[in-house]
S.K.: 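Handing you a structure now.
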2 protein chains.
Amino acid sequence: MQSYTEENYLKVIYHLSEISNPVQTNAIAERIQTKAASVTDMIKKLSEKELVNYVKYQGVTLTEKGKLTAINIVRKHRLWEVFLVDKLNFKWDEVHEVAEELEHIQSSLLIERLDEFLEFPKVDPHGDPIPDQHGNFAELAFVKLSKLSPSEKGTITGVSEHSSAFLKHLEKLGLTLGKRIEVLEVIEFDGSVALDVEQQKINISREVAKHILISKY
Amino acid sequence: MQSYTEENYLKVIYHLSEISNPVQTNAIAERIQTKAASVTDMIKKLSEKELVNYVKYQGVTLTEKGKLTAINIVRKHRLWEVFLVDKLNFKWDEVHEVAEELEHIQSSLLIERLDEFLEFPKVDPHGDPIPDQHGNFAELAFVKLSKLSPSEKGTITGVSEHSSAFLKHLEKLGLTLGKRIEVLEVIEFDGSVALDVEQQKINISREVAKHILISKY
DNA sequence: TTATTATTTTAGACAAATCTAAAAATTTTA
DNA sequence: TAAAATTTTTAGATTTGTCTAAAATAATAA
Ligand SMILES: [Mn+2]
Ligand SMILES: [Mn+2]
Ligand SMILES: [Mn+2]
Ligand SMILES: [Mn+2]
């Protein structure tokens with residue numbers, strides 16, 4: 001069994017792996033709000049436990065065992081987020097902190113029953129996919145809004161940034177999950193995007209567009 | 001804010017206070033499955049934080065602040081137990097361990113919303129009362145089954161022992177919450193009790209009778 | 001390709017929570 | 001009330017996760 005702290009490290013390494021592999025010590029330190037020296041210590045420990053492959057000065061990758069462990073934590077995190085929003089009426093920008101704690105509760109019976117109670121949701125309130133108990137994700141066809149060209153249409157199905165500031169901003173703009181959008185123009189100067197959302201013309205920065213996930217159909 | 005460990009100590013001291021006040025070091029050690037020396041260390045720390053009053057060699061009592069903190073943890077524990085039984089179909093002997101973890105989740109919004117979602121339950125699955133957010137308990141008139149005399153009648157409304165072994169034993173005997181019982185005889189030799197439960201005559205030990213709570217009406 | 005800069009690791013220290021063994025205080029027994 | 005038994009505390013060590021400061025390695029620039 002892993003400690004609360006080890007689990008947080010594994011999850012962070014898992015998420016960072018999607019950006020760069022192997023994952024660098026400093027990247028982990030920044031995410032986990034700690035010092036590089038502490039990360040090195042923990043990496044050695046996880047390596048001992050065969051949860052990561054570690055080469056000095058090169059960085060870490062998750063082993064199969066480490067990856068499964070990480071995905072299981074992600075599963076729990078996202079299921080709890082669904083519970084908070086669907087059953088307890090939390091807003092999508094209020095759930096992250098609490099789920100960060102709930103994801104560490106150790107009971108597979110609990111999580112399977114929760115999954116059932118929520119009627120086996122496929123995505124969390126931010127549109128992120130929820131893996132099944134074997135660690136498999138249902139394939140979802142996403143594309144970043146920042147990758148679309150003028151006249152392309154689609155539906156907002158997720159976000160890749162979960163800060164309250166970002167989510168509140170989206171809400172204010174009316175850019176919530178399920179909304180149909182069409183790209184009207186991509187401004188050359190700063191990469192910002194003009195959109196049509198329900199007959200309204202809206203402008204968003206490239207930074208914002210990069211974190212909105214669109215499914216085209 | 002208190003650590004996970006400090007919270008567990010406060011809760012144990014709270015429960016033991018109902019039996020003997022002040023609470024002895026050894027009693028805490030036994031409950032928390034640790035050594036007396038560790039308890040002394042923790043007591044000093046809680047005393048520093050003004051959560052307990054501590055006199056060397058005499059034992060501890062909770063301060064008002066400590067008591068409120070403890071009751072709040074009890075509140076969370078019992079609400080989560082209701083959730084597990086009512087919503088996730090756990091059996092009453094399966095919930096304790098999980099609630100022992102869930103009670104430490106730090107979010108007052110979460111717990112108030114959970115209370116609402118569960119429709120403000122007054123008792124947990126073991127018949128224990130759930131305090132409100134100010135730490136007040138609704139008065140419940142309980143008496144231990146071991147205190148009843150022959151021909152007295154009542155309804156099983158709680159238990160004061162939560163081990164799986166005990167709860168399974170009760171279940172096997174058909175002694176579950178809500179059942180009407182009548183005391184037929186109290187055996188002088190060993191204090192064991194003969195009961196009538198739904199036209200069935202049942203014998204239970206004094207030890208078992210002490211942990212069954214009856215409301216008379 | 002050497003020097004500079006950035007990244008990572010080591011060394012040594014610290015706080016939290018625990019332990020064992022021994023000393024001190026209290027309670028019980030005789 | 002003095003001796004014995006029990007309970008509690010202290011002293012010192014250990015484990016986990018963290019830190020700062022300094023050394024080692026790798027990447028980048030001149
Ligand atoms: Mn977490
Ligand atoms: Mn999410
Ligand atoms: Mn607990
Ligand atoms: Mn209970």
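We name chains A, B, ... by the order of the sequence lines, and we start the count at 1 in each one. Note that the structure is predicted; figures quoted are calculated from it, not measured.
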S.K.: Is there a side-chain contact between A/Thr25 and the phosphate of C/dT9, meaning an N or O under 4.0 Å from OP1 or OP2?
M.R.: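 So the side chain of A/Thr25 is within the cut-off, an N or O lying under 4.0 Å from OP1 or OP2 of C/dT9.
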S.K.: Side chain of A/Ala37: nearest nucleotide among D/dT20, D/dT18, C/dT18?
M.R.: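 So the nucleotide nearest the side chain must be D/dT20.
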S.K.: Between D/dT8, C/dT20, C/dT9, which nucleotide gets closest to the side-chain atoms of B/Gln24?
M.R.: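 Comparing D/dT8, C/dT20, C/dT9 against the side chain of B/Gln24, the answer is D/dT8.
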S.K.: What's the closest nucleotide to the side chain of A/Thr40 if the choices are C/dT8, D/dT18, D/dT9?
M.R.: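 The answer is C/dT8.
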S.K.: Are any of A/Ser38's side-chain N or O atoms less than 4.0 Å away from OP1 or OP2 of D/dT18?
M.R.: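 It does not, given that no N or O in the side chain of A/Ser38 lies less than 4.0 Å from OP1 or OP2 of D/dT18.
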S.K.: Would A/Glu50 and A/Lys65 pass as an ion pair if we require N to O under 4.0 Å?
M.R.: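 Salt bridge: no.
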S.K.: Starting at the 5' end of DNA chain D and moving along, which residue's nearest nucleotide shows up first, A/Gln58 or A/Ser3?
M.R.: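 Per heavy-atom nearest nucleotide, the more 5' residue is A/Ser3.
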S.K.: Please determine, for the side chain of B/Tyr57, which listed nucleotide (C/dT18, D/dT8, D/dT18) has the closest atom?
M.R.: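 Taking heavy atoms from C-beta onward, the closest nucleotide is D/dT8.
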S.K.: Check this for me: does any side-chain nitrogen of one of B/Lys11 and B/Glu103 sit under 4.0 Å from a carboxylate oxygen of the other?
M.R.: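 Here B/Lys11 pairs with B/Glu103 in a salt bridge, since their nearest N and O are under 4.0 Å apart.
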S.K.: Output yes when at least one side-chain N/O atom of A/Lys35 is less than 4.0 Å from OP1 or OP2 of D/dT18, else no.
M.R.: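 False: A/Lys35 side-chain N/O out of range (4.0 Å or more) of D/dT18 OP1/OP2.
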S.K.: Write down the atom of B/Leu173, the atom of B/Ile202, and the distance for their closest heavy-atom approach.
M.R.: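 That would be O-CD1, 3.1 Å.
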S.K.: How close or far is atom C1' of C/dC14 from atom CG of A/Asp41, stated in whole angstroms?
M.R.: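 The distance from CG of A/Asp41 to C1' of C/dC14 comes to 13 Å, rounded to the nearest Å.
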S.K.: With a 4.0 Å cutoff (strictly under), does any side-chain N or O of A/Asn26 reach OP1 or OP2 of C/dT8?
M.R.: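 Yes, within the criterion.
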S.K.: Closest nucleotide of DNA chain D for B/Ile43 versus for A/Tyr9: which of these residues is on the 5' side?
M.R.: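 Counting from the 5' end, the first nearest nucleotide belongs to B/Ile43.
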S.K.: Can you tell me if the side-chain N/O atoms of B/Lys56 get under 4.0 Å from OP1 or OP2 in D/dT10?
M.R.: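 It does, given that an N or O in the side chain of B/Lys56 lies less than 4.0 Å from OP1 or OP2 of D/dT10.
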S.K.: Check this for me: does any side-chain nitrogen of one of B/Glu6 and B/Lys49 sit under 4.0 Å from a carboxylate oxygen of the other?
M.R.: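 Looking at B/Glu6 and B/Lys49, the cut-off is met.
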